[in-house]
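These values consider heavy atoms only, across backbone and side chains, with no hydrogens, waters or symmetry-generated copies.
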Amino acid sequence: MNERIVIAPEICHGKPVIRGTRTPVTVVLDALAGGDSFETLQKEYDITEEDIRACIAFAAEEIGQIAYRPLKV
């Protein structure tokens, strides 16, 4: 986990959030996937570009830990 993302049971039920906020990583990623710009997210959630990039890096790291196996066809 990087220094900008925190997981604590007392904050948003333990979901990963941006440190110092209650903004879940998933909210940022969903907004980006929906086409919102960094600038829009910065204004709406009072976060920095570095926070947004930390969310992307966190997701990439989590996905990188998943083991995939091909399905039998």
Please report, to 0.1 Å, the donor-acceptor pairs under 3.5 Å made by any side chain of residues 39-46, with sequence neighbours excluded.
residue, atom, partner, partner atom, Å
Glu39, OE1, Ser37, OG, 3.4
Thr40, OG1, Ser37, OG, 3.0

Show me the donor-acceptor pairs, under 3.5 Å and distance only, between side chains in residues 8-30 and residues at least two apart or in other chains.
residue, atom, partner, partner atom, Å
Arg19, NE, Glu3, O, 2.8
Thr21, OG1, Ile18, O, 2.7
Thr21, OG1, Thr23, N, 3.0

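Alongside Ile66, the hydrophobic cluster contains Ile63, Tyr68 (criterion: ILVMFWY side chains under 4.5 Å).
Rounded to the nearest 0.5 Å, atoms CD1 (Ile56) and CD (Glu61) are 14.0 Å apart. Atom-to-atom distance recorded for Leu32:CG and Cys55:SG is 8.0 Å, nearest 0.5 angstrom.
The side-chain hydrogen bond (donor to acceptor under 3.5 Å, both in side chains) pairs that include a residue from residues 48-60 are Arg4-Asp51, Thr48-Glu50, Thr48-Asp51, Glu49-Arg53, where partners are two or more places apart or lie in different chains.
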